[in-house]
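Letters A, B, ... mirror the listed sequences (proteins, then strands); counts begin at 1.
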Number of protein chains: 2
Amino acid sequence: MLWAVDQTGVSPEGSWIDPPPHLESTMSLSETQHEAAGARRIARPVPLRESVYNAILDMIVSRNLQPGQHLVESELAVMLGVSRQPVREALQWLKNDGWVDLRPGLGAYVHTPTVEEADQLLAVRRLLETESARLAAQHVTEEGITHLRDLCRQGFAALEAEDVATMVALNAELHATVMRLSRNDVLVELASQVDRRVRWYYTPVARHRGAQSWSEHSALIDAIAAGNADRAAEVMHAHTEHTRVSYLEQQDKSGADAGTPARPVTARQP
Amino acid sequence: MLWAVDQTGVSPEGSWIDPPPHLESTMSLSETQHEAAGARRIARPVPLRESVYNAILDMIVSRNLQPGQHLVESELAVMLGVSRQPVREALQWLKNDGWVDLRPGLGAYVHTPTVEEADQLLAVRRLLETESARLAAQHVTEEGITHLRDLCRQGFAALEAEDVATMVALNAELHATVMRLSRNDVLVELASQVDRRVRWYYTPVARHRGAQSWSEHSALIDAIAAGNADRAAEVMHAHTEHTRVSYLEQQDKSGADAGTPARPVTARQP
DNA sequence: CGACTGCCCACAGCATACAAAGTGCCGTGG
DNA sequence: CCACGGCACTTTGTATGCTGTGGGCAGTCG
């Protein structure tokens, strides 16, 4: 059945849909449990729309698709070697996650992030994360703490090795873990939405406040471990606020730096 | 399969897609602004998927489609007099909003809400609404207050007339207005998502705490008008917490009441 | 009589085909 | 030279056909 390779057979070249790396931290708890129990249902051929979603998302994040760019269904379909149907569905999905703007009758355009939006996003993130920290402190478990400390240790290691990519990944994983400890699935869901978008323009910031960030993480874990909800919330609040401020300063300094949004200049919206 | 009356297939009559009433409070801010500016682009025949979305949503909310029920694309398509394509897109949309669960390869099933989920949802709502109140107090305008007071007045009128439906609508509108005053579009977006789901099982609660609810609204508006952010947040926190507690009490009392979730009994999930 | 297996049917996933609408260009007329 | 109108192409929206998988049912074997 060859899922990954040589799907529709026509074009032998072109950027194929790579087998979804699937390091999604979104995975539902139940799935995790099942897999842990060894009850994995063989290899379900990941729905095409999902692969398409990931492929397009990658292209957006990696700036292969510029903000404001018009996404033509048929082009994407040919490019990915699938029909328009899965592409349409993926675009709807992307729209719901705020990655593209879908204008009825006109088509999809890569969302153009603005400074205001980033600020608002980071503010909301602060809100959600703060609450998650509070709740995590109330529901914390032994293994939860162990996992957090482990992540934190790896974080410091990555910091020392100046491995920014790993640091960002670990940072995301740590926040996701705290989030899960909150035991509020709705909150987890919302936060993951927000986080994905934040991470888009977060990377440049990571480099500049790595050290402080990880010691703050450490303090956060201490507060959670102690079951001190208010303190945990306070630390997380300060932590995410620092991130937000860092981002804004970064913006001020380098208005036209590579990889940062806030240039509605090149983005024409016909 | 005859869900409600007649409906399936043959009959040339029956539940057609009605011309979308479109009282959606979901409308994005920009659209609102455009319409206000009189720049409405004539009457574009609302995309079919949207009409289908509304039609199915209505059926879910009105319990014409039971929680856990398997939604067959082709049946829906025939029933609504459209092809499967728009139905598919509408189902994806519904999935993203938490109304149906889409199991790959199997199809769509009406989401079965649980008490835990409702509780989590209401907790998140409290969080978002509290923040919105705080921000609203900081960004309030003259006309904002006027509008709020107006809504509140109508609310009391509806309360006296015991018009529950209007009360629920006004309540939603009031909260949405406060939310918009926060001047954080991301927050607005998230809150509207949460609110849509909350409103499903909000109605039974409204009946029981209408009076208290509207005097709390009044106090909230006072705080916002005074620009007292902390007080506004405090009031909103208490207000939404009361709603949550009310809901839970309602649950305890009448476990099998009509219109309330938490009966995974009839819902079989094959 | 119970359990297992093989077949059949229904339905989701994907592809393709068709229709309608919008946009830009080009030509012509004032 | 500019403006208006029509035409053609592009692209979305909608419909339909095809295929593979999953699940139910019946028949058969132990």
Side-chain angles (χ1 to χ4, degrees), chain A residues 1-4 6-11 16-17 20 39-56 65 69-95 100-110 268-270, chain B residues 1 3 8-9 16-17 20 39-56 68-95 100-110 268-270:
Chain A
M1 174 178 281
L2 358 153
W3 289 318
D6 181 33
Q7 300 249 344
T8 44
V10 192
S11 106
W16 292 100
I17 296 174
R40 58 196 320 168
R41 308 179 49 122
I42 325 297
R44 175 177 294 278
V46 179
L48 257 204
R49 54 169 175 267
E50 197 175 321
S51 307
V52 173
Y53 172 90
N54 286 320
I56 298 180
L65 299 176
Q69 180 171 347
H70 183 188
L71 300 181
V72 181
E73 294 176 357
S74 50
E75 282 183 12
L76 290 172
V78 172
M79 192 185 324
L80 299 174
V82 299
S83 79
R84 278 177 53 210
Q85 171 89 5
V87 173
R88 282 180 69 85
E89 292 178 2
L91 287 176
Q92 304 258 343
W93 224 108
L94 287 163
K95 172 204 149 195
V100 306
D101 300 321
L102 223 50
R103 282 186 280 177
L106 295 187
Y109 297 81
V110 179
R268 65 274 141 85
Q269 301 194 16
Chain B
M1 180 179 264
W3 284 317
T8 39
W16 290 101
I17 294 176
R40 59 194 320 168
R41 310 179 48 124
I42 327 297
R44 173 181 287 282
V46 179
L48 259 203
R49 54 167 175 268
E50 198 175 321
S51 309
V52 173
Y53 173 89
N54 287 320
I56 298 179
Q69 180 169 348
H70 183 189
L71 300 181
V72 180
E73 293 177 358
S74 50
E75 288 184 7
L76 289 172
V78 172
M79 184 160 76
L80 299 173
V82 299
S83 78
R84 281 173 48 209
Q85 171 87 3
V87 173
R88 280 182 70 84
E89 292 180 1
L91 286 176
Q92 304 261 343
W93 224 103
L94 287 163
K95 172 207 149 193
V100 306
D101 300 322
L102 226 48
R103 281 185 281 176
L106 293 188
Y109 296 80
V110 178
R268 65 276 141 86
Q269 301 195 18

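In terms of the salt bridge (Lys or Arg N to Asp or Glu O under 4.0 Å) criterion, residue partners of A:Arg49 (sequence neighbours excluded) are, by chain and number, A:Glu89.
With rounding to the nearest 0.5 Å, the separation of CG in A:Leu76 from CD1 in A:Ile56 is 5.0 Å.
A perpendicular orientation is assigned to the rings of B:Tyr53 and B:Trp93, their planes being inclined by more than 60° (bins at 30° and 60°).
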Nucleotides 9-13 of chain D: which of its N/O atoms have a protein N/O under 3.5 Å away?
from   : atom 1 : to       : atom 2 : distance (Å)
D:dT12 : OP1    : A:His70  : NE2    : 3.4
D:dT12 : OP1    : A:Leu71  : O      : 3.4
D:dT12 : OP2    : A:Glu73  : N      : 3.4
D:dG13 : OP1    : A:Gly105 : N      : 2.9
D:dG13 : OP1    : B:Arg49  : NH2    : 3.4
D:dG13 : OP2    : A:Arg88  : NH1    : 3.2
D:dG13 : OP2    : A:Arg88  : NH2    : 3.4
D:dG13 : N7     : A:Arg84  : NH2    : 2.9
D:dG13 : O6     : A:Arg84  : NH1    : 3.1

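Counting only residues at least two apart or on different chains, the salt bridge (charged side-chain N to carboxylate O under 4.0 Å, His left out) pairs with a member in residues 69-82 of chain A are A:Glu73-A:Arg84, A:Glu73-A:Arg88. Each ring-ring contact (aromatic ring centres under 6.0 Å, His included) pair with one or both residues in residues 73-92 of chain B, not counting sequence neighbours, would appear here, but there are none.
The nearest whole Å value for the distance from the OH atom in A:Tyr109 to the P atom in C:dG22 is 13 Å. If you measure from atom CD of A:Gln85 to atom C1' of C:dA12, you get 11 Å, rounded to the nearest angstrom.
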